[in-house]
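Taking it in order: structure first as structure tokens, then the write-up.
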Amino acid sequence: MHKSILKRFGAAVLALFLTACGESVRAQPAPQTSSRPAESQAQEPAEPVTLTVYLEAFYTQEGVHYPLYEALKTYDEAHPEIELEFVSPVGGASDPAKREEEIHQLNTEIITGGGPDVFIMGTFRYTDSNLFPDVAKAMGNHAFLPLNAYAQAAGFQRDDYIQPALEAGQLEGEQYILPLSISVPLFVGGKDAVEKSGFDAEAAAANQTAFFDELSRALNESGAQILYTLSLTNLLQQPLIDYAAGQVYLDAEPVRQALETEKAFATSQLNFFDSYDPAQIEAMAAGTPLGAVEMSNGALSILRLFAAQGAEAFVQAVPNEEGGVTAQISSYAMANANTACPEEAAALLYYLMSAECQDAAAYPSATEELPVRVASLGNALKNFHQFIVYDASKETVSEDDIAFRESAFGADLSEDMVLALQDICEKVSAAHFHSIWEHALQLGQSETGDDLLTEAMNEYLYGGKPLDQLIEELTPRLQMYLDE
């Protein structure tokens with residue numbers, strides 16, 4: 001029998017169908033007298049419990065067929081003992097005031113011992129109104145359910161996953177947050193053009209400083225430019241804020257070097273590229289610009305368009321200060337420490353880590369991310385492309401829409417390219433949840449009403465604020481925030 005999906009914040013079906021798992025009470029029918037034997041009545045199946053799942057409304061749109069939402073509906077159908085209800089606040093871009101109200105309501109519920117049972121989150125934020133804006137600090141405050149005890153029953157094989165991504169969700173050896181997908185920093189371009197520029201890939205692989213020194217040399221000698229969109233302080237082996245050590249490393253030498261490099265590239269290179277324009281893709285393949293240095297969730301679209309045009313692509317990871325690769329965790333999931341249904345919540349979380357979900361690219365992201373299960377990479381890339389080109393809103397799109405998508409989103413990647421990306425994923429040596437500059441830490445607002453951290457960074461990158469002043473202003477604020 002088909003089970004209905006319940007939603008809060010934007011759906012007509014609300015708390016009447018909740019059980020104790022959602023910190024509400026299911027409406028009970030009036031007692032009735034039955035002529036059936038007591039033994040027969042005792043064999044009736046138990047009422048399903050409702051598991052409340054926080055998931056942004058963007059992903060719960062019926063008829064769009066987001067892989068994550070489809071996977072959750074499949075899980076719901078396969079488990080009659082539970083019933084999923086989605087808690088989905090509106091997006092900040094569509095109604096900022098309403099979102100702020102709904103996030104405040106959820107925060108109040110969590111603080112008072114309630115709230116959703118499961119949280120499925122994406123890292124990228126459009127607004128300052130977010131649940132658990134600093135998820136690492138929330139983990140340190142024991143906001144989430146410890147998950148180690150449930151891993152074996154779920155058949156979870158830790159060795160199949162990118163280990164630093166798992167470790168980012170651990171505290172004192174206990175897993176609290178499960179990473180679902182990552183993005184890694186890449187340099188992509190036309191293979192012939194990059195080779196003709198004289199760029200020495202081997203020398204550039206040594207560490208972050210060596211990479212940008214070599215890239216600067218190649219750009220200067222060739223007279224070319226490059227698309228640059230990275231936030232380098234989030235791509236170091238050493239996190240800018242070390243929660244375990246209780247230290248802020250804004251003044252550390254690798255951070256200083258990263259900030260100096262970022263200023264140099266952000267102010268001298270391109271920061272916009274129209275990947276929907278076939279002529280621009282063709283020009284990039286030929287070396288104008290030489291390529292793109294950006295996270296894989298943007299670089300993959302360029303690689304797909306190269307593939308569609310038959311252009312051979314160059315790809316290399318941008319290394320961290322120790323020569324490894326630092327990933328940004330782009331989506332993750334955890335269970336509420338207050339949940340009344342820990343086994344059911346943990347089972348759902350580990351389902352999201354399964355080969356089935358990882359192969360299907362079933363994680364919350366509007367851009368193309370990489371699964372944390374390394375062996376799922378090839379299938380995830382194929383399935384995301386299938387979704388974005390052919391399956392998204394397939395009942396309502398026209399043949400012209402499909403034709404546009406085919407031209408805009410490119411082609412499947414070659415086996416060699418998938419293997420190259422898999423090799424990069426296997427070199428990941430560190431992983432962080434978010435950059436402090438992206439709606440993550442709430443240090444207050446500036447006099448102009450902007451986020452204080454974002455404004456300070458922009459004043460350094462594009463204004464006259466010296467690096468020493470940036471560090472002197474922000475270090476005590478960050479340390480105070482960390483110590484709270």
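- Judged by distance alone, the side chain of Gln61 and the main-chain N or O of Phe58 form a donor-acceptor pair under 3.5 Å.
- Tyr69 has its ring centre no less than 6.0 Å from the ring centre of Tyr59.
- Applying ring-ring contact (aromatic ring centres under 6.0 Å, His included) to Phe132 and the options Tyr176, Phe119, Tyr332 leaves one that passes, Phe119.
- For the pair Thr229 and Val293, the minimum side-chain heavy-atom distance is 4.5 Å or more.
- With hydrogens and angles ignored, the 3.5 Å screen pairs a side-chain donor or acceptor of Asp117 with a backbone N or O of Thr52.
- Looking only at distances, a side-chain donor or acceptor of His79 sits under 3.5 Å from a matching main-chain atom of Tyr75.
- Side-chain contact between Leu72 and Leu352 is present, with heavy atoms from C-beta onward closer than 4.5 Å.
- Side-chain atoms of Ser181 and Ser330 include a donor-acceptor pair closer than 3.5 Å.
- Under the 4.0 Å criterion applied to side-chain N and carboxylate O atoms, Glu62 and Lys73 are assigned as salt-bridge partners.
- Looking at heavy atoms from C-beta onward, Phe409 lies out of side-chain contact with Arg304 at the 4.5 angstrom threshold.
- Between the Ser222 side chain and the Ser197 main chain, no donor and acceptor come within less than 3.5 Å of each other.
- Across all non-hydrogen atoms, the minimal contact from Arg99 to Val90 is NH1-O, 2.8 Å.
- For Ser398 (side chain) and Asp401 (main-chain N/O), a donor-acceptor pair under 3.5 Å exists by modelled atom type.
- Side chain of Lys382 to backbone of Asp412: no donor-acceptor contact under 3.5 angstrom is found.
- Checked by atom type, the side-chain pair Glu369/Thr367 shows a donor-acceptor distance below 3.5 Å.
- Side chains of Glu406 and Tyr390: a donor on one and an acceptor on the other come within 3.5 Å.
- With Glu321 contributing its side chain and Thr209 its backbone, the two residues share no donor-acceptor pair below 3.5 Å.
- Asn383 places no side-chain N or O within 3.5 Å of a backbone atom of Ala361 that could act as its donor or acceptor partner.
- Asp391 places a side-chain heavy atom less than 4.5 Å from the side chain of Gln386.
- For Glu214 (side chain) and Asp200 (main-chain N/O), a donor-acceptor pair under 3.5 Å exists by modelled atom type.
- When only modelled atom types and interatomic distance are considered, Ser429 and Asn320 share a side-chain donor-acceptor pair under 3.5 Å.
- Each of Phe212, Tyr228, Phe199 was scored for a ring-ring contact (aromatic ring centres under 6.0 Å, His included) with Phe187, with one residue passing: Phe199.
- Judged purely by distance below 3.5 Å, without hydrogens or angles, the side chains of Gln469 and Glu473 pair a donor atom with an acceptor atom.
- For the residue pair Glu395 / His65, a side-chain donor-acceptor distance below 3.5 Å is found, with atom types taken as modelled.
- Contact annotation: the side chain of Leu259 approaches that of Thr233 to within less than 4.5 Å [non-hydrogen atoms, C-beta and beyond].
- Here the two rings, on Tyr161 and Phe156, have centers that are under 6.0 Å apart.
- A distance of 6.0 Å or more separates the ring centres of Tyr54 and Phe86.
- Salt-bridge formation is not detected for the pair Arg256/Glu260: no Lys NZ or Arg NE/NH1/NH2 atom is positioned less than 4.0 Å from an Asp or Glu carboxylate oxygen.
- The two residues Phe265 and Leu219 have their closest heavy-atom pair at CE2-CD1, 4.2 Å.
- Panel note: side chain Glu262, backbone Leu232; a donor-acceptor pair is recorded below 3.5 Å.
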